[in-house]
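Keep in mind that this is a model prediction, so the values were computed, not measured.
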Amino acid sequence: KKKAQAKTDAEIAQLRSEMNNVTVSITNSNGSKSQVLLRKQGVGYVGPRGEYYDHLPTEDELRPLYGL
């Protein structure tokens with residue numbers, strides 16, 4: 001029974017983690033796409049380089065940092 005509970009706890013932790021992550025797709029100047037993973041933190045979002053946004057950033061906001 002303990003093993004089943006540990007598995008359930010791990011699944012819940014995984015779901016919580018997924019719910020706190022958002023991927024924004026950016027169209028690059030050459031037409032390719034880049035994916036930027038943002039992590040929800042409080043009311044804002046943290047980007048891959050540790051930058052903080054007080055809102056969900058748009059593709060246009062992310063392109064200068066993560067676009068090609």
Side-chain angles (χ1 to χ4, degrees):
K1 191 166 187 167
K2 280 190 176 188
K3 236 181 193 177
Q5 184 61 47
K7 183 177 184 214
T8 300
D9 289 347
E11 289 169 346
I12 289 170
Q14 177 69 28
L15 283 170
R16 281 193 181 128
S17 172
E18 289 172 9
M19 287 170 53
N20 286 326
N21 291 326
V22 177
T23 302
V24 178
S25 183
I26 298 172
T27 303
N28 297 306
S29 57
N30 64 3
S32 67
K33 296 267 188 186
S34 294
Q35 305 294 316
V36 180
L37 181 65
L38 303 168
R39 187 172 33 87
K40 182 106 170 90
Q41 184 173 327
V43 296
Y45 294 85
V46 178
R49 298 180 183 168
E51 74 279 13
Y52 182 80
Y53 302 92
D54 62 2
H55 59 283
L56 180 59
T58 65
E59 179 180 353
D60 288 338
E61 290 175 285
L62 294 171
R63 190 177 294 111
L65 276 177
Y66 300 103
L68 299 176

Work out which heavy atom in Ser25 is nearest to a heavy atom in Lys33; give both atom names and the distance.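 What the structure gives for the nearest pair is OG-CD, 3.4 Å.
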Residues which pass side chain to side chain donor-acceptor pair (under 3.5 Å) with Gln41, listed by chain and number, not counting sequence neighbours: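 Gln41 satisfies side chain to side chain donor-acceptor pair (under 3.5 Å) with Arg39 once adjacent residues are dropped.
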Taking only residues two or more places apart in sequence or in another chain, which ones pass side-chain contact (heavy atoms from CB on, under 4.5 Å) with [X]?
X	result
Glu11	Lys7
Asp54	Tyr52
Ser29	none
Asn30	Asn28, Ser32

Cluster companions of Val36 among Ile, Leu, Val, Met, Phe, Trp, Tyr (side-chain spacing under 4.5 Å):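 Once heavy-atom contacts under 4.5 Å are chained together, Val36 belongs with Val22, Val24, Ile26, Leu38, Tyr45, Tyr53, Leu56, Leu62, Leu65, Tyr66.
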Using a 3.5 Å distance criterion without hydrogens, assess whether the side chain of Gln35 forms a donor-acceptor pair with backbone atoms of Thr23.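 Between the backbone of Thr23 and the side chain of Gln35 there is no qualifying donor-acceptor contact (under 3.5 Å).
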First locate atom NE2 of His55, then atom CD of Glu61, and finally report the distance between them rounded to the nearest 0.5 Å.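 Atom-to-atom, His55:NE2 and Glu61:CD are 3.5 Å apart.
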